[in-house]
**Student:** 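Below you'll find the structure I mean.
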Amino acid sequence: VDKRPFLRPEQPLALKEACDLLGVKFDGNDGTLVPYDPSHIPPNAVYWMRCQDGRAYRNHTPNDCRTEFTSRGDEIGLAAFEGLSAYAQNPDIVEVGTAMDLPGSVPSADRGDCACLGRWSAGGVKLYWLWYDIADPSYGSASRGSESLIPRS
């Protein structure tokens with residue numbers, strides 16, 4: 001994960017620009033999505049993470065996954081930029097007809113929703129948000145390990 005090209009002084013992370021560069025549709029702006037838990041924001045702008053794409057948690061709600069992650073303490077839901085970073089490295093991570101819930105990010109206007117990255121054949125890949133309490137076999141919460149993240153320079 002490398003946020004350096006998208007960091008702006010005194011402004012939110014340039015998420016819209018990252019989406020534009022990746023060809024990902026996003027109807028929001030840089031302030032639309034915020035961290036679910038600010039204490040999970042890595043302190044470095046560049047870091048390695050070990051993650052899974054959500055397949056392990058298909059047909060589970062993002063809320064249930066967050067509760068499970070918290071109780072075990074070894075996993076954290078991916079944030080929107082982390083999901084985009086995984087997609088940039090491997091665009092096949094989001095299959096046609098599926099979505100990767102990104103429970104580490106929520107809309108600033110409605111913390112009852114959850115960010116997700118989905119692919120539909122007609123509409124391409126899109127970053128958007130929906131309710132926490134939807135369980136669907138095509139959706140699953142992506143996550144990363146909660147261990148210390150390794151900074152990279």
Side-chain angles (χ1 to χ4, degrees), residues 1-8 12-26 28 30 32-107 111 113-120 124-153:
V1 176
D2 188 350
K3 295 180 181 177
R4 292 175 300 183
F6 305 101
L7 293 174
R8 306 289 182 263
L13 184 68
L15 194 60
K16 180 75 170 148
E17 182 181 353
C19 287
D20 291 344
L21 287 171
L22 290 170
V24 172
K25 294 178 176 128
F26 180 52
D30 293 339
T32 299
L33 297 173
V34 297
Y36 172 73
D37 182 345
S39 71
H40 292 159
I41 298 172
N44 301 305
V46 180
Y47 56 94
W48 289 99
M49 68 175 182
R50 187 178 63 233
C51 68
Q52 61 83 26
D53 64 4
R55 292 173 209 216
Y57 296 107
R58 285 195 177 156
N59 216 23
H60 292 81
T61 70
N63 246 359
D64 289 345
C65 289
R66 278 197 195 110
T67 300
E68 185 177 332
F69 298 161
T70 300
S71 69
R72 286 197 328 255
D74 61 349
E75 245 176 314
I76 295 171
L78 281 192
F81 193 85
E82 292 169 331
L84 289 171
S85 295
Y87 172 75
Q89 185 175 11
N90 179 9
D92 294 331
I93 200 167
V94 183
E95 299 170 333
V96 174
T98 67
M100 192 169 50
D101 291 329
L102 302 167
S105 292
V106 297
R111 294 185 60 85
D113 289 348
C114 175
C116 54
L117 189 64
R119 180 189 300 264
W120 289 266
V125 177
K126 183 174 183 179
L127 177 64
Y128 61 108
W129 50 94
L130 46 79
W131 300 293
Y132 282 132
D133 59 355
I134 292 176
D136 186 291
S138 300
Y139 292 68
S141 291
S143 61
R144 64 174 168 84
S146 62
E147 70 277 355
S148 298
L149 300 171
I150 302 167
R152 177 122 171 143
S153 53

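These numbers were taken from a predicted model, which means no experiment stands behind them. The chain is numbered in sequence order, starting from 1.
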**Student:** Could you tell me whether the side chain of Arg50 and the main chain of Gly145 form a donor-acceptor pair under 3.5 Å?
**Tutor:** no

**Student:** Between Ala142 and Met100, which heavy-atom pair has the shortest distance, and what is it?
**Tutor:** CB-CG, 3.4 Å

**Student:** Ignoring hydrogens and geometry, is there a side-chain-to-backbone donor-acceptor pair from Asn90 to Asp92 under 3.5 Å?
**Tutor:** yes

**Student:** Among residues at least two apart in sequence or on other chains, which ones pass ring pair (Phe, Tyr, Trp, His ring centres under 6.0 Å) with Tyr128?
**Tutor:** Trp120

**Student:** For Leu15 and Ala80, work out which heavy atoms get closest and say how close.
**Tutor:** CD2-CB, 4.1 Å

**Student:** Are Glu68 and Ser141 close enough, and set up right, to give a side-chain contact (heavy atoms from CB on, under 4.5 Å), and what steps lead you there?
**Tutor:** CA-CA 11 Å; Glu68 185 177 332; Ser141 291; over 6 Å; no

**Student:** Just by distance, no angles: are the side chains of Ser39 and Asp37 close enough, under 3.5 Å, to form a donor-acceptor pair?
**Tutor:** yes

**Student:** Less than 4.5 Å apart, any side-chain heavy atom of Leu22 and any of Val125?
**Tutor:** no

**Student:** Supply the atom-to-atom distance Glu95 CD to Ser138 OG, rounded to the nearest 0.5 angstrom.
**Tutor:** 10.0 Å

**Student:** Which heavy-atom pair separates Leu102 from Ala79 by the least distance, and what is that distance?
**Tutor:** CD2-O, 4.1 Å

**Student:** Between Thr98 and Arg58, is there a side-chain heavy-atom distance shorter than 4.5 Å?
**Tutor:** yes

**Student:** Hey, does the side chain of Asp101 reach the backbone of Pro103 with a donor-acceptor pair shorter than 3.5 angstrom?
**Tutor:** no

**Student:** Using ring-ring contact (aromatic ring centres under 6.0 Å, His included) as the criterion, point out the one residue from Tyr47, Phe6, Tyr87 that pairs with Phe81.
**Tutor:** Phe6

